[in-house]
Amino acid sequence: MAAAGRSVISRARRVGRLGARDVEQLEQTAQAFRRWDHQHGGGLRRRAVLGQLAEVAAALNEHQTGAVESRLYLVMAHLSGTAATMAWDTGYQRRAQDYYRLALRSAHAAEDLVFGANVLAGMARQMLYRQQPQDVLELVRLAQEGSRRVAGPRVRAMLHTREGWALAAMGRTAAFRRATAQAREALAESAAPDDEPYWIGYFDEAELAGVTGGRLLDLARQDRDQAEGAAAHIHQALDRRGPEAARSHALDRIGLAECHFLAGDSTVAVQETHRAADAVTQTASARVRDQLGELYSYTVGHGKAHAVRDVRDRLRDLLANR
């Protein structure tokens, strides 16, 4: 598909016939795929996204009007970004990188600096899971610099949280807290979600709480005194978000259970682990399953405690059937 993106510029092009209404329908389809991925996670519709992406590439091989071509490039950027997230979420890391690069080139061709910054943030998040925090910090700051004059408050807040994520991974607690405070200040400036692009509408108080809780949990793995604060933020996310965003809800549930294990409260930890197991069944995300595998390790070594043994058996069954 990356080759398809390159061929858009290099091939001799036929006369295109797409009109504004055709492009509008493609834009609506790209939005629908992105909403579905945010709500459910996993790659169940990845082939459909790739099929749509191929159609857009074919349309760009034709000679469209300037206005149509620019909008098509942006559709390609949005579809490529969703394809990257889906590939990453199902364990195809290299493919995800290819789609992120295609999304970045397409956003550049569409002259959309803000979505380009969003793509860089997506690339940074993937790199965080690959334990490359210094590279992430450089990438996020590049995104911040490139979009400084045009990004709205939600986008700025999101970028601050990615910066904070890298800082937490590096153990720079004070700098992480400063970045999180900047994210909170930026988000406070936002008005209605419709004032910014649809793709950043998910970033609200619930998302900020969940991301903050997750990063405090990262710190708690080195300093268990952080576990209580992490749990408090994750509770806020769960209270505000609910189960409609299945992947985020499952990750919050897993994180909350881990917080209680780190705090030494095995009774509540077992209860939260059962809730996490329930949430995991509502998403096809491999990333969620990987996090569940990390949670499983906390159930090992608790002797003959009946409740822990039961939840350990449940997690083992879930992981064996993924």
Side-chain angles (χ1 to χ4, degrees), residues 1-6 8-9 26-27 29-38 41 43 46 49-50 52-54 56-57 60 69-90 92-130 132-133 135-166 183 186 196-203 207 211 247 287:
M1 187 55 63
R6 290 193 297 271
V8 167
I9 298 173
L26 290 171
E27 290 168 341
T29 300
Q31 292 184 30
F33 281 131
R34 196 172 188 89
R35 283 195 302 270
W36 189 93
D37 178 60
H38 177 66
R46 192 164 65 92
V49 173
L50 298 184
Q52 194 71 70
L53 190 54
V56 174
L60 278 165
E69 183 174 80
S70 180
R71 290 173 69 180
L72 283 175
Y73 271 119
L74 193 53
V75 171
M76 175 174 273
H78 291 183
L79 288 170
S80 300
T82 301
T85 302
M86 288 181 167
W88 170 43
D89 208 31
T90 48
Y92 298 109
Q93 302 295 338
R94 290 188 178 180
R95 292 183 188 177
Q97 291 171 354
D98 289 341
Y99 290 125
Y100 275 132
R101 284 192 287 268
L102 177 56
L104 195 59
R105 289 197 301 271
S106 302
H108 178 74
E111 299 182 346
D112 191 326
L113 295 176
V114 181
F115 192 74
N118 182 65
V119 174
L120 289 173
M123 298 170 76
R125 184 177 59 172
Q126 184 192 21
M127 292 168 65
L128 280 162
Y129 277 88
R130 296 165 68 89
Q132 298 171 275
D135 292 338
V136 168
L137 196 56
E138 293 174 6
L139 201 60
V140 171
R141 288 179 174 168
L142 179 64
Q144 290 172 320
E145 181 62 30
S147 63
R148 189 179 307 279
R149 297 181 180 180
V150 289
R154 290 176 190 267
V155 174
R156 296 200 310 273
M158 179 271 292
L159 291 174
H160 281 307
T161 62
R162 298 292 162 86
E163 179 185 9
W165 199 330
E196 294 188 63
Y198 77 91
W199 45 262
I200 197 61
Y202 76 94
F203 198 93
E207 182 68 13
V211 173
R247 177 173 53 204
R287 182 156 41 107

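Computed over heavy atoms, backbone and side chain alike; hydrogens, waters and symmetry mates excluded.
- Side-chain contact check for Phe203 versus Thr161: some heavy-atom pair is nearer than 4.5 Å.
- Of the possible donor and acceptor atoms, none in the side chain of Gln52 sits under 3.5 Å from a partner among the backbone N and O of Ala30.
- Taking the six-membered ring for Trp and the full ring otherwise, the centers of Trp88 and Tyr129 sit less than 6.0 Å from each other.
- Residues Leu72 and Glu69 form no side-chain contact, since every pair of their non-hydrogen atoms from C-beta on lies 4.5 Å or further apart.
- Between Arg101 and Asp98 there is a salt bridge, since a side-chain N of the basic residue sits under 4.0 Å from a carboxylate O of the acidic one.
- The existence of a salt bridge linking Glu138 and Arg141 is excluded, since no basic side-chain nitrogen approaches an acidic carboxylate oxygen closer than 4.0 Å.
- None of Thr85, Leu50, Thr82 except one satisfies the side-chain contact (heavy atoms from CB on, under 4.5 Å) rule with Tyr99; the exception is Leu50.
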Item to complete: Assess whether side chain to side chain contact (heavy atoms under 4.5 Å, CB included) is satisfied between Gln93 and Gln126, documenting all intermediate values.
Response: CA-CA 8 Å; Gln93 302 295 338; Gln126 184 192 21; 2.8 Å; yes

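- Under the 3.5 Å distance criterion, the side-chain polar atoms of Arg46 are left unmatched by any main-chain donor or acceptor of Ala83.
- One finds a salt bridge joining Arg247 and Asp89 here, because a Lys/Arg side-chain nitrogen approaches an Asp/Glu carboxylate oxygen to under 4.0 Å.
- Classification of the Tyr202-His38 ring pair by plane angle, with boundaries at 30° and 60°, yields tilted.
- Counting heavy atoms from C-beta outward, Arg35 and Trp199 have side chains that stay 4.5 Å or more apart.
- Across Ser106 and Tyr73, no two heavy atoms sit closer than the pair CB-O, 3.4 Å.
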Practice prompt. Step by step, work out the side chain to side chain contact (heavy atoms under 4.5 Å, CB included) result for Val150 and Val155.
Written response: CA-CA 10 Å; Val150 289; Val155 174; over 6 Å; no

Fill in: Stepwise side chain to side chain contact (heavy atoms under 4.5 Å, CB included) check, Gln144 with His160
CA-CA 8 Å; Gln144 290 172 320; His160 281 307; 3.6 Å; yes

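- Residues Tyr198 and His78 have side chains that bring a donor and an acceptor to within less than 3.5 angstrom of each other.
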Worksheet item: After noting the C-alpha distance and the side-chain angles of Val119 and Phe115, does the key distance pass the side chain to side chain contact (heavy atoms under 4.5 Å, CB included) rule?
Response: CA-CA 6 Å; Val119 174; Phe115 192 74; 3.5 Å; yes

